[in-house]
Amino acid sequence: MVRQSGKTFGFHVPVVIIGAGAAGLVAALAAQEAGAEVLVLERDPVPRGSTALSAGLIPAAGTRWQTEAGIADSAAQFAADIMAKAHGEPDATLVARIAAEAGPAVEWLADTHGLPFSVISDFSYPGHSARRMHGLPSRSGEELVDALRGAAEARGIEILCDARVTRLHADENDRLLGVTLERPDGSTEEVALCQLVLACNGYGGNADLVRAHIPTLADALYFGHTGNQGDALLWGEALGAATRHLSGHQGHGSVAHPAGILITWATITEGGVQVNAEGRRFSNEMHGYSEQAAEVLRQPNRMAWTIFDARIAGIARQFEDFRQAEAIGAIVTADTPQALAARTGLPAEALISTLSDVERLKLDGATDTFGRAFRADQQLSAPFHAVRVTGALFHTQGGLVVDEHARVLRPDGTSLPNLYAAGGAACGVSGSQASGYLSGNGLLTAVVLGRLAGAAAGAAVA
């Protein structure tokens, strides 16, 4: 961060956005729609970021796809789910705004920009009282970020790749004047701006910051983008911005090992279970995949096996990641629990006993000692499937405090003059704990805060 008034820059763009993941690309579309000229700066050769590593699902309430599927939902119900999962920690006003804007944002992306969304109607995610996850046909983040990039390019928005921002320039009143960016050959350029949107995610790729704020996952597999070094957080702090819930994060207890492929949590919510190397269950898997990361990492060799069946595999195949895992042989299949034990190397007697106990609980509609309630209609039957998984840190959820227009705030509640944050750069709606993460919260704040930030920044210069 450099403070200097009267600086001369190489060229000027009214709205500059740092980061070309979902948050940045949505912000760019919204800013241009508001009438502003936009430049998106991306450190990678092509836009990817954390979005491409996700399942590409955006939770939204009251959409036409839900109506068509007969799903009753509302923004108020969605907001209540977010607050309940996050133990009441997030700002309720911001949560209400984000929940209310999610449905319109997804429909805007579909109607104005041609993204072919549909709602997942064949299974539920923990903590959601309605089926509200919306995704593109392959249910992959790569498809989502590619579609957003295509929409931006179709509207002539300039996305400058291989452009890593190394410095922000501000005056003595905290107004951003411009940025310095570095190219792969070491050359630098300086760009003046009127409004700046930070959409460069959180700090999950910065081992020192993770160790400081999330020590329980300091040695965990990091499944996010390595470029998430906490730049937005550090820049904001240098400007005097408020931060909140820096320990908040999304983990995931189901990353195939050693393949490094995300395995959908439908393998659990539809009746599957996780066992450790001893063939025993060790937790209530239905609490959620985020908090399950730490549970898995506490097991021998920091590993677990997710056990499910052919019915569940059929549901999981709507996800491109799951199909890839099957294609490379990461999913083990067997006709009996005994054979499954042999194929996985798990102790046969313990695994058979565990699965027998689970099926008895399902028949009885009972709750186990971990607090998981089982359902009689989710019994497992041959052929059985298993995949070895580990726990991982996906992305951080704490960050710069923003208001309902995604403006970055100071500790006293006033906004910085021309700075906005979205996605992982902003404090999200998951609170301070992994257990506060409601499925989809990451892309929810990327898309909704991205749209709000872009619209406000664009209107300020149009």
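Because the structure is a prediction, the values reported are computed rather than measured. Computed from heavy atoms alone, side chains included, the values below leave out hydrogens, waters and symmetry copies.
Ion pair D412/R410 not flagged as a salt bridge, since none of the NZ, NE, NH1 or NH2 atoms sits closer than 4.0 Å to an Asp/Glu carboxylate oxygen. Between D357 and R281, none of the side-chain N atoms (NZ, or NE/NH1/NH2) sits under 4.0 Å from a carboxylate O, so this pair counts as no salt bridge. A salt bridge links K362 to E359: at least one charged side-chain nitrogen sits closer than 4.0 Å to a carboxylate oxygen. Between R48 and D146, at least one side-chain nitrogen of the basic residue sits less than 4.0 Å from a carboxylate oxygen of the acidic one, meeting the salt-bridge criterion. Using a 4.0 Å cut-off between charged nitrogen and carboxylate oxygen, D368 and R372 do not count as a salt-bridge pair. Electrostatic pairing of E291 and K85 counts as a salt bridge here, judged by a charged N lying under 4.0 Å from a carboxylate O.
Ring geometry for Y437 versus Y289: interplanar angle of 30 to 60°, hence tilted. Below 30°, between 30° and 60°, or above 60°: for F123 and Y125 the angle between ring planes is between 30° and 60°, a tilted geometry.
The side chain to side chain contact (heavy atoms under 4.5 Å, CB included) with H134 is formed by just one residue from the set L109, I120, V119; it is V119.
When side chains are defined from C-beta on, F394 counts as touching L262, because their heavy atoms get closer than 4.5 Å.
We find the CD1-CD1 distance between I159 and I17 to be 9.5 Å, quoted to the nearest 0.5 Å.
Close placement of the Y203 and H213 rings is indicated, their centers lying within 6.0 Å of each other.
Side-chain N/O atoms of R302 and H257 include no donor and acceptor closer than 3.5 Å. Checking S118 against R139 by side-chain atom types alone, a donor-acceptor pair falls below 3.5 Å. Judged by distance alone, the side chains of E285 and H287 never bring a donor and an acceptor atom under 3.5 Å apart. Judged purely by distance below 3.5 Å, without hydrogens or angles, the side chains of W65 and E107 never pair a donor atom with an acceptor atom. Between S140 and E320, the side chains place no donor N or O within less than 3.5 Å of an acceptor N or O (distance only, hydrogens not considered). Under 3.5 Å, the side chains of Q318 and D122 contain a donor-acceptor pair of N or O atoms. Judged purely by distance below 3.5 Å, without hydrogens or angles, the side chains of Q274 and Q292 pair a donor atom with an acceptor atom. There is no side-chain donor-acceptor pair under 3.5 Å between H225 and S50. Side chains of S129 and Q77: a donor on one and an acceptor on the other come within 3.5 Å. For the 3.5 Å distance criterion, the side chains of Y420 and Q195 qualify, holding a donor opposite an acceptor. Residues D321 and T264 have side chains that never bring a donor and an acceptor to within less than 3.5 angstrom of each other.
Scanning both residues, G103 and T63, for their nearest heavy atoms gives CA-CG2, 3.9 Å.
For E142, there are no salt bridge (charged side-chain N to carboxylate O under 4.0 Å, His left out) partners, not counting sequence neighbours.
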